[in-house]
Amino acid sequence: MNLSEITNDLNDKQCQSVTFNNEKNALILAGAGSGKTRVLTHRIAYLITQKDIRIDAILAVTFTNKAATEMRERLSTLLRRPIQSMWMGTFHSLAHRLLRTHYEKSKLTSGFQILDAQDQFRIVKRLMKENSIDESKFPIKKVQWFINNQKNEDIRAQDIDPDYNYFIKKNLEVFELYEAYCQENDLIDFAELLIRSYELLKNNTDLLNHYQARFEHILVDEFQDTNTVQYKWIKLLFNGHNKIFCVGDDDQSIYGWRGAKIENITKLCTDFTPIETIRLKQNYRSTGNILNASNALITHNVNRMGKSLWTDAGNGELIDVYEARTETDEANYVISNIQKLITNGASPSDCSILYRFNAQSRIFEEALIKYNIPYIIYGGLKFFEYTEIKDALSYLRLIENSADNVAFERVVNFPTRGIGNVTVKKIRTFAQDNHTSLFQAAIQISSILPTRAANALSSFINLIKQITDDTKHLNLSEKVTNLLNTSGLIMHYSNDKIGSKKENLKKLITITKQYNHEQDNKMSEVMGFISLTSLDSSGNTNASINQNVQLMTIHSAKGLEFPCVFLVGMEEDLFPSRQSKNEPHLTDEERRLCYVGMTRAMKKLSLSYAIKRFLYGQSLYAYPSRFLNEIPSKYLNKIKAKFGATIQNYNDDNTFNKNITPKSDDQISIGALVKHAKFGLGTVLNFEGQGDSTRVQIKFKQVGTKWLINSYANLEFI
DNA sequence: CTCACCCCCGTTTTT
DNA sequence: CGGGGGTGAG
């Protein structure tokens, strides 16, 4: 492969980054839409084909599985060969790989399990209960947060001073209990994956030397999102001979609340010398107005590394800013505009609605249903986090490893089989006293239980033994199929009214069929699959967006782009959120979030806010977001809902915006009052077409909103 | 053990 | 407002 194939369609700066001098480290400050993934993949291709770097000598780190998969695919296409063996993945999956390979040196057994946030929560909760720590004074979520935060900062329980204050003392108490429990049960949570693999390298010089020598090139994506341990991990692997190539954008750091350290990106410049910084400032995504408005907004932040994006794409349309009366008005505005875009030929999937937090989606969902526009809402639970899926996986885990106590706890009485809390407590105590697993304890304790409990318990034990024996020689998907039936899970979920749970279990079987196990990683097929479900909980086989309007939080929109973006809820106390507004560094992060949201848009951007919003069971008045004032008016097209100057006069039935859709016919006009023989009185919301085929959308007082053909409807215009 | 009711609380969540 | 979890009766 020759150089031109790699640099062909790159601009000067991208090309400079890709073919960067092999003898230095690099920090690529890549603005939104400047082609950062492309630079990263082409850089790797360049190293392999032009510098004869072996695939094994490259370590590439991303933050999401999606990004890793995408990069792997792109690179494989570019090189025209598979790159399976390459160390390319998320921090967590790479850390996991290290721990699996060197589990003895990490004080683990080969069967250690990954604990997800839910499992972690359950354990913390139980430990607090058992040790009478008052949940009302120390909410479980907060304690869990405390523990993870410490670990993300590379702080172990023994590093904390118990006498610092009462709060620390109590949190530390749980922290220690939790750590002991995890060590005892071979459990690793997400933060532990990172800190433990970091300690593994730190405490084993020979290992460290090996990996330092092996990884001649280390490439990191989204560097602004690294936390303290991740930074230290990278720094540890750097020995001065190998080269670091980092891509990031300080303006898009939106995970500070989770431990990400935006300053890592500046620390990089002093810790990894010699280093050169290259700025990618040409944006290939958005129109001039969108980009300039975003640039103007972000200049209100302090301590930026500084970079102003430009485009040669022309100004495009102005950004609409809509002042709605209420959240309903806002939703109607947004959805009617989407309707209009679709009528003009856009696909629903070209449109996205972005909001600050998930609860805001509902009102838009209702409006989309009303307009009969297909949509998809991202967020909430991931596939492998559904209860029914976790139940099934717990059976799988228990069958693979009878010592898996977390799995045992979950399914011992599910589906219910008469094993109550009392019995489970006895099993726990027995297991603890005899240093054995819950499953072994259950076997041994049977004889000293009341008959009913003993019978119930032995039927469970037999069930597990039976599935284990029956499926011993079966492959993964056959195992899962068998266990779903034998355990009674399928039966149990057959009663599910909506039926989606049973569907999900079937989908699980499909996913297990598609799972292709890599032999090289020392795990059994089942173990490999279980690890995958923890590390990539999306369960996406081939997530197709189809023809749906996309609704999601701004956080989950990072890295995506859409022709049309509706950024909603632009109100003080909502965005920026109430808890951020008085803390400058938090407000800055909110502003970056707003910047991320705006720069998702390619052609059309609409910002909106409601003067009055119904939230948490009460109506509140709000001011427009400060961010709106930080965007110069010249980029904006300000629109207000008319119909009377005061809110009291406002009639929800007339929500529709005369001023926004200024079309009218001789006869029909938006907002007009009509009467229908059957449906009664209503208001015209919208209409399309001409003459006899004109379709009119009417919101009727009694029967809701309908589209009617004007020539058949016999409407009486009042 | 299970169901029903009541009370509480309410950002963002790549792993 | 509404979902989740905790509690107490059957």
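Lettering follows sequence order; numbering is per chain, from 1.
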Item to complete: Assess whether atom CG of A:N303 is packed by more than 12 heavy atoms of other residues, nucleotides or ligands within 6.0 Å.
Response: no
Worksheet item: Roughly, in whole Å, what's the span from CD1 in A:I114 to C1' in B:dT15?
Response: 10 Å
Practice prompt. Using whole Å, report how far NZ of A:K141 lies from P of B:dC8.
Written response: 18 Å
Fill in: A:E583 CD - B:dT11 P separation (whole Å)
18 Å
Fill in: Listed nucleotide nearest any side-chain atom of A:D536, set B:dT15, C:dC1, B:dT13
B:dT15
Item to complete: From the options A:V334, A:I363, A:I335, select the one residue that forms a side chain to side chain contact (heavy atoms under 4.5 Å, CB included) with A:L368.
Response: A:I335
Discussion item. Rounding to an integer number of Å, can you tell me how far A:F357 CZ sits from B:dT11 P?
Written reply: 6 Å
Worksheet item: Does a nitrogen or oxygen in the side chain of A:S534 sit under 4.0 Å from OP1 or OP2 of B:dT15?
Response: no
Practice prompt. Classify the nucleic acid contact of A:N65 as base, sugar-phosphate or nothing, counting any heavy atom under 4.0 Å across all strands shown.
Written response: sugar-phosphate
Worksheet entry | Closest-nucleotide 5' rank along DNA chain B - winner of A:K66 and A:E590 | A:E590
Item to complete: Using whole Å, report how far CG of A:L535 lies from C1' of B:dT14.
Response: 12 Å
Worksheet item: What nucleotide, of B:dT11, B:dT15, B:dT12, holds the atom closest to the side chain of A:H555?
Response: B:dT12
Worksheet item: Is the CZ atom of A:R452 crowded by more than 12 outside heavy atoms at less than 6.0 Å?
Response: no
Fill in: A:L194 CG - B:dT14 P separation (whole Å)
15 Å
Discussion item. Does B:dT12 count as syn, meaning its glycosidic angle lies within 90° of 0, or as anti?
Written reply: anti
Discussion item. Whether A:K125 contacts C:dG5 is assessed here as follows: a side-chain N or O lying under 4.0 Å from the phosphate OP1 or OP2. Is that the case?
Written reply: no
Practice prompt. Rounded off to whole Å, could you give me the CZ-to-C1' distance for the A:R591 and B:dT11 pair?
Written response: 18 Å
Item to complete: Mark this stacking check for A:Y255 against B:dT12 as yes or no, applying ring centres under 5.5 Å and ring planes under 30°.
Response: no
Discussion item. Return whichever of A:N413 or A:L593 has its heavy-atom-nearest nucleotide of DNA chain B closer to the 5' end.
Written reply: A:N413
Discussion item. From C-beta outward on A:N358, which listed nucleotide comes closest to its side chain: B:dT11, B:dT12, B:dT15?
Written reply: B:dT12
Fill in: Integer angstrom distance from the P of C:dG5 to that of B:dT12
16 Å
Fill in: A:E385 and A:Q118 side chains, donor-acceptor separation under 3.5 Å
no
Worksheet item: Given A:F215, which of A:W233, A:W87, A:F245 fulfils the ring-ring contact (aromatic ring centres under 6.0 Å, His included) condition?
Response: A:W87
Worksheet item: Below 4.0 angstrom from OP1 or OP2 of C:dC1, is there any side-chain N or O of A:R362?
Response: no
Worksheet item: Between B:dT13 and A:Y378, is there an OP1 or OP2 to side-chain N/O distance shorter than 4.0 Å?
Response: no
Worksheet entry | Check against side chain to side chain contact (heavy atoms under 4.5 Å, CB included), A:E130 and A:R428 | CA-CA 11 Å; A:E130 284 173 4; A:R428 264 191 223 126; 3.8 Å; yes
Worksheet item: Contact class for A:T416 vs. all strands (heavy atom < 4.0 Å): base, sugar-phosphate, or nothing?
Response: sugar-phosphate
Discussion item. Could you tell me how far apart A:F190 (CZ) and B:dT15 (C1') are, to the nearest whole angstrom?
Written reply: 5 Å
